[in-house]
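Structure first, then comments.
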Amino acid sequence: MAQKLLIRDLTLRDGQQSSFATRMTQKQIDRVLPFYKDAKFYAMEVWGGAVPDSVMRYLNENPWDRLEKIKAAVGDVSKLTALSRGRNLFGYAPYTDEIIEGFCRNSIESGLGIMRIFDALNDVNNVKSTIKYVKKYGGIADCAVCYTIDPKYPKLGFFDKLKGKKNPEPVFTNAYFLDKAKQMAALGADMITIKDMSGLVPPSRIAELIPLFKQHLSIPIDFHTHCTPGYGLGAVLMAIIKGVDVVDTNIWNFAGGTGAPAIELVYIFCKKLGVELDINMEAVAKINNELMGIRKELEAYDATKQFPKPFNPLTDTLPAEVDKEFDKAIEAAKAGNEEALLNACHAIEAYFNFPKPNELVKKAEIPGGMYSNMVAQLKQLNSMDILEKAMELIPTVRLAAGLPPLVTPTSQIVGAQAVNCALDIKAGKPMYSNVSNQFVNLVKGEYGKTPVPVDPEFRLKIAGTREETPYDTSKYQMQPNPELPEAGGVKLAANEKEVLLLELFPQVAKNFLTKKKVEAYEAQHKEEPKVEKAAAEEKKAEPITGKTVKAPMPGSIMRFLVKPGDTVTKGQPVVILEAMKMENSITSDYAGTVKRLLVKEGSTVAADAPMIEIEA
């Protein structure tokens, strides 16, 4: 019986998120959906990840509408998939079972078929609830083991060795990954994904992991990777040869580079290998034609601005020398010759003008998104001169925090902290003088069990306690759901779906829902004259006479911790500033009375912008 391979198409979620900052509008997605119905992918990843946040934040669209419209167009032809971060769902805080259950139920009712569940620490405890509720409401629980590697520690010198100093033993072994997969299978996982979010798994390693998983697990195995450091295509070919059940791909114009390999290249390999691929490639070609125009429309967000050479495997003939590279790749994969396999795959990608391997990401062994976040943060701070130092500090910061895998949100937490530590050194301060709330929570234990224990003395320094302190969901407080006078007194969140958006994305959903409710109200009362707000504007223009609390970096105001009239002490936290997805508690340098708040919650501020006026 011929080997059969299933394909999960990532184009509409991970594909656009990896390469185009998740900026596809619903209108753009609607243009490709009729062809998707004909393509007959096993699954389509369309939701989760950054999609719900981004469609509200940047596109003023409702995330639930997106899921429901795709389901209406595709029906039951392909299972719709979302990515969820276990107990954190899409946020940065652990949620109660009540919220997890409501989210899973509404997602499945809105059309979701498969929930891919992962935890950034590979802490299996954090995926239990989502598995339970996904299965309770008829969904498929796809549990992901996050692939990561041990840091490259500095080489020990002669005197270090003389003193008996040793670098830590490897943690992320094949046995480690298999153990995590077996634990999740025991909890009821319907399938297991090896999730290589950084594209760091080389073909030789996946050649070990797939047979190991297939030997010890009786459920399907999916392989997810990216092409950033240059391993992606070779690793996917190796996984197919080793008998993987499902692979994740993108369609041609959204493939390669920071994204996953192209389905068209996988199709050629499968034809040569005699592997059955039940995909309508004519429909895929129609989707790709539409994606070409959409990609041009997304030019402002295009990570590479490098289009692959137009190609349709059904109608275009490969030049003999390129066809030979496909044969060389297969031969090398079967022989276990990784170097020859990668050379052949890179030759194929070069011919089709896919981006070259990112050598910096490959050498640094961190996710491309983590690197680009660090660069963006340093550019905003006018501190690009410390990038090298920040990169150098990543292994130290990561080990101190319990060696978390580098995946959202831990990659951002560790990356942002490495930047903070480099800034501390530059300013002549001790490392960890400035820490984000998320880093404190990670070290404290609120995100779950880290792969290695955090040193109690380090925890005391960062979090004020030696004891590991798990997050207590019994103390969870629901987001406020006020009435909106400016929208005729309606509630901010009118139903359970909107309440869930408010819980998962407090500030973004508050802004989005407020805008929607006000727009609806104003549309109903077009004829009413607008009251001028001259008095408010006059008050706004009042000169600042007191001391001010300024933003230390660009960001958005999540919430104020004080109000006018409050007495504050020097060093007291007064505002939570979100910067690079991290929450930062900003303290007052002055004791005194809060005179006024100079900006609104939810507003964006530049570095050094005054936020609070204090009469000292």
List the atom of Leu217, the atom of Ala181, and the distance in Å for their closest heavy-atom pair.
CD1-CB, 3.8 Å
With a 3.5 Å cut-off and sequence neighbours excluded, list the donor-acceptor pairs that the side chains of residues 308-319 form with protein atoms.
unit_1	atom_1	unit_2	atom_2	d
Lys309	NZ	Tyr351	O	3.1
Asn312	OD1	Leu314	N	2.9
Asp316	OD2	Asn312	N	2.8

Are the side chain of His346 and the backbone of Gly230 linked by a donor-acceptor contact shorter than 3.5 Å?
yes
Rounding to 0.5 Å, atoms NZ (Lys195) and CD1 (Ile117) come to a distance of 12.5 Å
Looking at Lys214, I want to see if its NZ is surrounded by more than 12 non-hydrogen atoms of other residues, nucleotides or ligands under 6.0 Å.
yes
Under the side chain to side chain contact (heavy atoms under 4.5 Å, CB included) criterion, do Tyr42 and Asp9 qualify, and how do the steps go?
CA-CA 8 Å; Tyr42 162 67; Asp9 176 74; over 6 Å; no
Are the charged groups of Asp119 and Arg85 less than 4.0 angstrom apart, N to O?
no
Residues 137-149 side chain polar contacts: donor-acceptor under 3.5 Å, at least two apart:
unit_1	atom_1	unit_2	atom_2	d
Tyr137	OH	Glu101	OE2	2.5
Asp142	OD1	Thr193	OG1	2.8
Asp142	OD2	Arg8	NH1	3.3
Asp142	OD2	Arg8	NH2	2.8
Asp142	OD2	Arg116	NE	2.9
Asp142	OD2	Thr193	OG1	3.1
Tyr147	OH	Arg205	NH1	3.1
Thr148	OG1	Arg398	NH2	3.0

Can you tell me how far CD1 of Ile263 sits from CD1 of Ile251, rounded to the nearest 0.5 angstrom?
8.0 Å
Please report the C-alpha distance between Leu12 and Glu45 in whole Å, then the side-chain angles of each, then the deciding distance to 0.1 Å, and finally whether the side chain to side chain contact (heavy atoms under 4.5 Å, CB included) criterion is met.
CA-CA 7 Å; Leu12 300 182; Glu45 189 181 72; over 6 Å; no
Does some side-chain heavy atom of Val246 sit less than 4.5 Å from a side-chain heavy atom of Leu5?
no
Determine whether the side chains of Lys128 and Asn125 contain a donor N or O and an acceptor N or O closer than 3.5 Å.
yes
If you round to the nearest 0.5 Å, how far is CD of Glu299 from CZ of Phe20?
11.0 Å
Can the positive tip of Arg87 be found less than 6.0 Å from the middle of the six-membered ring of Tyr95, inside 45° of the ring normal?
no
Heavy-atom closest contact (Arg13 atom, Gly49 atom, distance):
NH1-CA, 3.7 Å
Salt bridge (charged side-chain N to carboxylate O under 4.0 Å, His left out) contacts in which one or both residues fall within residues 349-364, not counting sequence neighbours
none
My understanding is that only residues two or more places apart in sequence, or in another chain, count here; which of them pass ring-ring contact (aromatic ring centres under 6.0 Å, His included) with Tyr58?
none
Testing the basics here: between Thr22 and Leu59, what is the closest heavy-atom pair and its distance to 0.1 Å?
O-CD1, 4.5 Å
State which residues pass salt bridge (charged side-chain N to carboxylate O under 4.0 Å, His left out) with Glu282; sequence neighbours excluded, sorted by chain then number.
none
Output, in order, the C-alpha distance, side-chain angles, deciding distance and verdict of side chain to side chain contact (heavy atoms under 4.5 Å, CB included) for Asn353 and Phe307.
CA-CA 7 Å; Asn353 198 41; Phe307 281 76; 5.6 Å; no
Using the salt bridge (charged side-chain N to carboxylate O under 4.0 Å, His left out) criterion, which residues pair with Glu297? Sequence neighbours excluded.
Arg31
So do Asn62 and Phe512 actually touch side chain to side chain, heavy atoms under 4.5 Å?
yes
Just verifying a value: how many Å separate Asp302 CG and Lys305 NZ, rounded to the nearest 0.5 Å?
5.5 Å
Taking all heavy atoms of Pro451 and all of Val171, pick out the closest pair and write down the distance.
CB-CG1, 4.2 Å
Side chain to side chain donor-acceptor pair (under 3.5 Å) contacts in which one or both residues fall within residues 178-192, not counting sequence neighbours:
Lys135-Asp190, Asp179-Gln183
Is the backbone of Ala50 close enough, under 3.5 Å, to the side chain of Gln17 for a donor and an acceptor to pair up by distance?
yes
CG on Leu6 to NZ on Lys79, rounded to 0.5 Å:
9.0 Å
Salt bridge (charged side-chain N to carboxylate O under 4.0 Å, His left out) involving Asp323 - partner list, sequence neighbours excluded:
Lys272
Taking all non-hydrogen atoms of both residues, which atom of Gly199 and which atom of Tyr231 are closest, and how far apart?
O-CD1, 3.4 Å
Audit row: Asn122, Tyr176, side-chain hydrogen bond (donor to acceptor under 3.5 Å, both in side chains) steps and yes/no
CA-CA 10 Å; Asn122 279 330; Tyr176 166 90; 3.3 Å; yes
Does the ring center of Phe177 lie less than 6.0 Å from the ring center of Phe213?
no
Output the distance between atom CD (Gln16) and atom CD (Gln28), rounded to the nearest 0.5 Å.
8.5 Å
Do you see a donor-acceptor pair shorter than 3.5 Å between the side chains of Tyr447 and Asn88?
no
Work out which heavy atom in Pro261 is nearest to a heavy atom in Ala255; give both atom names and the distance.
C-CB, 4.0 Å
Pairs where residues 251-266 contributes a residue and the test side chain to side chain donor-acceptor pair (under 3.5 Å) is met, not counting sequence neighbours:
Ser19-Thr258, Asn253-Asn288
With sequence neighbours excluded, tell me which residues meet salt bridge (charged side-chain N to carboxylate O under 4.0 Å, His left out) with Asp196.
none
Has Trp47 got a side-chain atom pairing as donor or acceptor with Pro63's backbone, closer than 3.5 angstrom?
yes
Could you give all pairs that pass the salt bridge (charged side-chain N to carboxylate O under 4.0 Å, His left out) test and reach residues 60-76, with sequence neighbours left out?
Glu61-Arg66, Glu68-Lys497, Lys71-Asp76
Assess whether side chain to side chain contact (heavy atoms under 4.5 Å, CB included) is satisfied between Asp14 and Leu83, documenting all intermediate values.
CA-CA 9 Å; Asp14 192 47; Leu83 183 69; over 6 Å; no
Quick one: are Thr225 and Asp248 in side-chain contact, heavy atoms under 4.5 Å?
no
Please list all pairs meeting side chain to side chain donor-acceptor pair (under 3.5 Å) that have one or both residues in residues 330-344, counting only residues at least two apart or in different chains.
Ser204-Glu338
Do Leu403 and Phe172 have side chains that approach each other closer than 4.5 Å (heavy atoms only, starting at C-beta)?
yes
